[in-house]
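Below, read A as the first sequence line, B as the second, and so on, with proteins coming before strands; counting in each chain starts at 1. Keep in mind that the numbers below use all heavy atoms, side chains included, and drop hydrogens, waters and symmetry copies.
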2 protein chains.
Amino acid sequence: MTKKTFVSADRKVTATDVAERAGVSKWTVSRAFTDGASISPRALERVLGAAEELGYRPNLLARSLSKKRTNMVGLVVDEMENPNLLQVLNEVSCQLQRRGYMPMLLNITSEYSYKSALTLADQFQIDGLIFLGTVLTDDLVRLAQDIRHIPLIVLYRNSDNPGIQVVSTDGYRAGYEIAMLLADQGYQRIGYMAGPVSESTQLQRLDGFKAGLHERGLVLSRVLDAGHYARENGYKALNRYLDSTAPDTRLEALFCENDILAIGALDALRNRADTIPLAVVGFDDIELAASSSYELTTYHQPLQQLVDEAIRRLAVGDSAVRQLLLPGQLVLRSSHLSKA
Amino acid sequence: MTKKTFVSADRKVTATDVAERAGVSKWTVSRAFTDGASISPRALERVLGAAEELGYRPNLLARSLSKKRTNMVGLVVDEMENPNLLQVLNEVSCQLQRRGYMPMLLNITSEYSYKSALTLADQFQIDGLIFLGTVLTDDLVRLAQDIRHIPLIVLYRNSDNPGIQVVSTDGYRAGYEIAMLLADQGYQRIGYMAGPVSESTQLQRLDGFKAGLHERGLVLSRVLDAGHYARENGYKALNRYLDSTAPDTRLEALFCENDILAIGALDALRNRADTIPLAVVGFDDIELAASSSYELTTYHQPLQQLVDEAIRRLAVGDSAVRQLLLPGQLVLRSSHLSKA
DNA sequence: CGTTTTTTTGCACTCGGGTGCAAAAAATAT
DNA sequence: ATATTTTTTGCACCCGAGTGCAAAAAAACG
């Protein structure tokens, strides 16, 4: 039994090989693999046949070199533990692949790694960058702009800097809707659990939230600082708060900056000896939120659309900077209902 | 104020530009950026200076084209929700970047997407593939072998097929150690919660587990099938079991195929009205396992070493196929202690 | 100082494919 | 059948580097 299949000799099959076999010139082969190119049906057929037989696949590096377009897109991520980010990464990479792009993972752990990743990506002549990282500040993003003049898109995060392309959910509106929900539920003492940095994305959310409360004649009673997005932090932050507050003055409802914190908060409530009536609302609609042990009411971001838009913008290379904010959707489960 | 920095004219800076500025030929420039190449100190200095001034960076596509080496590595992942896998992905991408490789994300959602991803990766002339996916069977891996003769490495998963390079944790030994732990704790009725497919990785774990029990004169009392790795499934599987079993015949200890299932199981225990004494042990040591609300006893895999080894093997392109199995480590927390 | 050895450099050509243009072939019109 | 238009095709040359080899320059030697 021969081990080697007939197709793959050791040397790689090139367009010239195919040309020879098909009895045409290599340029005709090239045309066969370029859509929109002028080629006769007969030649096309022969080339495709020969290509099939030889197992030929165009070398994309060579193509990129002359076309000056690589179809490689860098995905800048910085918190590979954040499940929400991951959901985004997942969606982005799938959609990119589906459209023939190759996602290059730029995993950022420090400013140094950020810079070297950018440099490397630059040298690979990537066509664009999508920023998914949460702690990537506008300054860092701008740093990328300087290195290379390719389209950059900040996804899933807002930015005050008008010079940066943003595709994200309308945080103000989201906050507003959640405020309305809680107010209409009749809660009076309403709090907010904040994450790590006060950056634009969250501020807009908070602003909308405050505006909504205000419109119903309420004010934000309290802000709990949880720090870094981690279940543990939500857990601790709420416990800290509950331990230091008399039961009758406690918050009745709590809007958490994201689902992870909210779930931490729910865990805290559950682990307490006494039953504490507290409505909790999250943000992001991660998978765990739907789980029967949480039933977290939250706000769903239109992930697919966002990603779709982001990629489209990359593709057209539209340099007209616009901030696209799509509306998300409130997801009512049961955690926003007080258990009292 | 001039907007444009002096450095970056619109056209890209090439080696020829640098050569001209440095008063040498472009080949000398090439040598300056190739370590080990013969170049006079003076020329080197001038070239580097000119390169710096012009902001030159070698075009890696062009280099790859002639060197026939791209430094691009494909990461084949198939469950972007699995936190354990993500931890691995994170580590792999970091280490790759640190060593100057570019990780290309091949996110697999179906057999079709798998094939097209492989083809694309192939066309990009990637240097190697690392398989992180859990449901990627040996057959699929072999499919990749046929496409292109580049090093493939299955990481974090075992394989029965001796033709496949594997870098993974020694599952047999792990199962054995866990069995010992539970047996020594005095439990008699010991069960196992299984995940989706019975593939090699898990079978070895289970075999080791059984062997360990056997050595202590015990047998595996029961296998609970949870299905796909998801907290929810562990939760349901355990509830199903508890609902259908009389309290006095119940298992005393349960080894779950991974932490996610184990955590689901713990949640199930917690949510029950009556307190049920059941020792639970997981596998993987994901972040959540250490959380104060779970305190899951589990088995830690030597992630960094595994990744390090995997990348090293890719780099040398060692075609001598060996299966490397490193020992992991038992992590004792409190979930293996019965609450009765 | 001439000669031999070593280091450095330039050049032609390669990697694998893509352009634009002009010649050749085919299709349409007269 | 001839003239005209359209489609196909081949070719020279480009993309941005790297390689081997031979010429040139520098260093070591007598």
Would you mind reading off the distance between A:L61 atom CG and D:dA17 atom C1', rounded to a whole angstrom? 12 Å
Ignoring hydrogens, what is the shortest heavy-atom contact between B:G74 and B:I126? Give both atom names and the distance. N-CD1, 4.0 Å
CG of B:L60 versus C1' of C:dC15: gap in Å, rounded? 15 Å
Side-chain ion pair, A:D138 and A:R157, N-O less than 4.0 Å: yes
Can you see if the side chain of A:S30 gets near the phosphate of C:dG16 - specifically, an N or O under 4.0 Å from OP1 or OP2? no
Please list, one pair per line, the donor and acceptor atoms closer than 3.5 Å that link side chains of residues 54-62 of chain B to other protein atoms, with sequence neighbours excluded.
{"unit_1": "B:R57", "atom_1": "NE", "unit_2": "A:D122", "atom_2": "OD2", "d": "3.4"}
{"unit_1": "B:N59", "atom_1": "OD1", "unit_2": "B:L61", "atom_2": "N", "d": "2.8"}
{"unit_1": "B:N59", "atom_1": "OD1", "unit_2": "B:A62", "atom_2": "N", "d": "3.2"}

Ignoring hydrogens and angles, answer whether the base of D:dG20 and the side-chain atoms of B:R31 contain a donor-acceptor pair closer than 3.5 Å. yes
Grab the CD-P distance between A:E20 and D:dG10 for me, whole Å please. 14 Å
N/O contacts under 3.5 Å, protein versus nucleotides 24-29 of chain D?
none

If I take atom CD1 from residue A:I311 and atom CG from residue A:L96, how far apart are they, to the nearest 0.5 angstrom? 4.0 Å
Report the distance from atom CZ of A:R57 to atom P of C:dG17, rounded to the nearest whole Å. 13 Å
Is a donor on one side and an acceptor on the other found under 3.5 Å between the side chain of B:N107 and the backbone of A:S93? no
Using whole Å, what does the distance between atom C1' of nucleotide C:dC15 and atom CG of A:D17 come to? 13 Å
Spacing between A:R63 atom CZ and D:dA17 atom P, to the nearest angstrom: 21 Å
Spacing of A:E45 atom CD relative to D:dT8 atom P, expressed in whole Å: 14 Å
Check the phosphate of D:dT8 against A:S40, side-chain N and O only, distance under 4.0 Å to OP1 or OP2. Yes or no? no
With 3.5 Å as the limit, what N/O pairs link the protein to nucleotides 12-15 of chain D?
{"unit_1": "D:dA12", "atom_1": "N6", "unit_2": "A:W27", "atom_2": "NE1", "d": "2.8"}
{"unit_1": "D:dC15", "atom_1": "O3'", "unit_2": "A:K68", "atom_2": "NZ", "d": "3.2"}

May I ask you to verify if any side-chain N or O of B:S25 is less than 4.0 angstrom from the OP1 or OP2 atom of C:dT9? no
Does a salt bridge link B:R312 with B:D308, judged by any charged N lying under 4.0 Å from a carboxylate O? yes
Between the side chains of A:T119 and A:S116, does any donor sit under 3.5 Å from an acceptor? no
Using a heavy-atom cut-off of 4.0 Å across all strands, would you classify A:S38 as base, sugar-phosphate, or nothing? base
By the 4.0 Å heavy-atom rule, please label B:T14 as base, sugar-phosphate, or nothing. sugar-phosphate
Looking only at side chains, do A:E91 and A:Q95 share a donor and an acceptor under 3.5 Å apart? yes
Rounded to whole angstroms, how far apart are NZ on A:K12 and C1' on C:dT14? 15 Å
Using the closest heavy atom to pick a nucleotide of DNA chain C for each, name whichever of B:I39 or A:A15 lands nearer the 5' end. B:I39
Does A:S64 put a side-chain nitrogen or oxygen below 4.0 Å from OP1 or OP2 of C:dG17? no
To the nearest 0.5 Å, what is the distance between CG on A:L325 and CD on A:Q323? 6.5 Å
Do side-chain atoms of A:R31 reach the backbone of A:A37 as a donor and acceptor pair under 3.5 angstrom? no
